[in-house]
Amino acid sequence: MSVTLSDLTQAFDALGWRYQTVPDHDLLLTSFRTEGGSADLVLRPVAEGQAVLLEAMGLGSQPRERAEMLLALAWRWTGVAIARDPEDGEVRLRLILPVGEASLATAPLRAAVGMLLAAVDAFRQAVAQEDVEDVGAQRAVPDTVEAQRAASDALPAAAQRAMALLEALSQAPDQAAFLREHLDEFDGEVLAALAAMAQTAQKAGETEFAQGMAAVAAAVLDLRLERDPQARAHQEQLQRLLAAEDEANLTLVVEEWPEALGPDVQQLLQGLAEAARKAGQEEMATRAEKACAHLQSLRAARPLDAALADFLDADTWEAGRAVVEANPLLQTQEAVARLGALAEAAQARGEEGANQRYRAHQRHLAQWL
């Protein structure tokens, strides 16, 4: 099935958006209010109806290299590309919404419009800055215009997957069952893309859609935790790590959960910070980085717990024994007693999985001494 101008008008009608059409040229014209004013958009089917091209007009004239730099500075999603009239330098921002053989659904269309409107605001803010070169020194800019243009041929793969899943979810007769069946497809990249869509939709005034994206992400996380009770306990500990205001509060978490000092948690926090920053969630990224730095400091201040974290992080008992043999701190009765205390505390909190895990490590460690 290929998308037509009629499909676009039906989707706009369903969303309650105003528009005009130019049937002779297969165009739909519309306008939206943004944080920075308003934006005029032109939409049309492309690629024989397998995609929709969205263009934001009326952004003024800029030399191409300056326009490319402005967008690179202002917007992190490479799916938003620059189009420029070579004669008068008029700039347009473009975004391609892949549809494929499916029908055009309102959810991905609304997300694409929200992304483009957010890019318009970001672009205008960058244009308003007096010294682009100073800002450019602080952010990464593609090495060449050709590299930027090649990266902008389509939406990022994660965004495409997120849109495809949203479309399928919207058409599923039982959405809860759909999420359970496709839970593994909602991986970290898709969740980060959903977060970015929610943020751009919020900026564009699409509050209901932003809340819908957040609800989908929350449902996915809840299902993951439901499938793995031990993950729920870890999730709660991670939330405590992120909520901790200082090293003293983090110490309380480490006393119950020394695994926080291990490499797995460090990598998880670093990945969370990167994903949050890509999604524009700067506050969350800063929290994750701050927690990571505090944990590195605590690792040096609490060497026994750091050693136990490495032991607990080992994938096999053989690997765990190698960790023990390499660290004299683990070759002590103090380490055995610490694991016993952790098991008792976990049992008192009702965390039976953690209790059994600590007990198993305690037994193996005692046998190896």
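We're numbering straight along the sequence, starting at 1. As the structure is a prediction and not an experimental result, all values here were calculated from the model.
- Ring pair Trp317/His361 is tilted by interplanar angle, where 30° to 60° counts as tilted.
- Between Arg357 and Glu259 there is a salt bridge, since at least one side-chain N of the basic residue sits less than 4.0 Å from a carboxylate O of the acidic one.
- In plain terms, the two heavy atoms of Pro45 and Val3 that are nearest each other are CB-O, 3.5 Å.
- Annotation: side chain of Val254 is in contact with side chain of Leu295 (closest heavy-atom distance under 4.5 Å).
- In this structure, the side chains of Trp368 and Leu330 stay at 4.5 Å or more apart for every pair of heavy atoms.
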Report task. Could you walk me through whether Asp13 and Gln10 pass side-chain hydrogen bond (donor to acceptor under 3.5 Å, both in side chains), step by step? Result -> CA-CA 5 Å; Asp13 288 338; Gln10 290 178 23; over 6 Å; no
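- Side-chain contact between Asp40 and Phe32 is absent, with no heavy-atom pair separated by less than 4.5 Å.
- Counting only heavy atoms from C-beta outward, the side chains of Thr251 and Arg302 approach each other to under 4.5 Å.
- The two residues Val120 and Ala39 have their closest heavy-atom pair at CG1-CB, 4.1 Å.
- Checked against the 6.0 Å centroid threshold, His182 and Phe178 count as a close aromatic pair.
- A heavy-atom distance below 4.5 Å is not found between the side chains of His364 and Arg321.
- Leu269 and Ala288 get closest at one heavy-atom pair: O-CB, 3.6 Å.
- With salt bridges taken as basic N to acidic carboxylate O contacts below 4.0 Å, none links Glu334 and Arg338.
- With salt bridges taken as basic N to acidic carboxylate O contacts below 4.0 Å, one links Asp310 and Arg299.
- Each of Leu27, Leu43, Thr9 was compared with Tyr19 under the side chain to side chain contact (heavy atoms under 4.5 Å, CB included) criterion, and only Thr9 meets it.
- The OG atom of Ser31 sits 10.5 Å away from the CD atom of Gln20 when rounded to the nearest 0.5 Å.
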Query raised in the report: Do Gln333 and Leu369 pass the side-chain contact (heavy atoms from CB on, under 4.5 Å) test, and can you show the C-alpha distance, the side-chain angles, and the key distance before you say yes or no?
Result: CA-CA 8 Å; Gln333 290 299 324; Leu369 295 184; 3.6 Å; yes
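- For the pair Leu8 and Val52, the tightest heavy-atom approach, listed with the atom from each and the gap, is CD2-CG1, 4.0 Å.
- Within 6.0 Å of CG in Asp315 there are 12 or fewer heavy atoms belonging to other residues, nucleotides or ligands.
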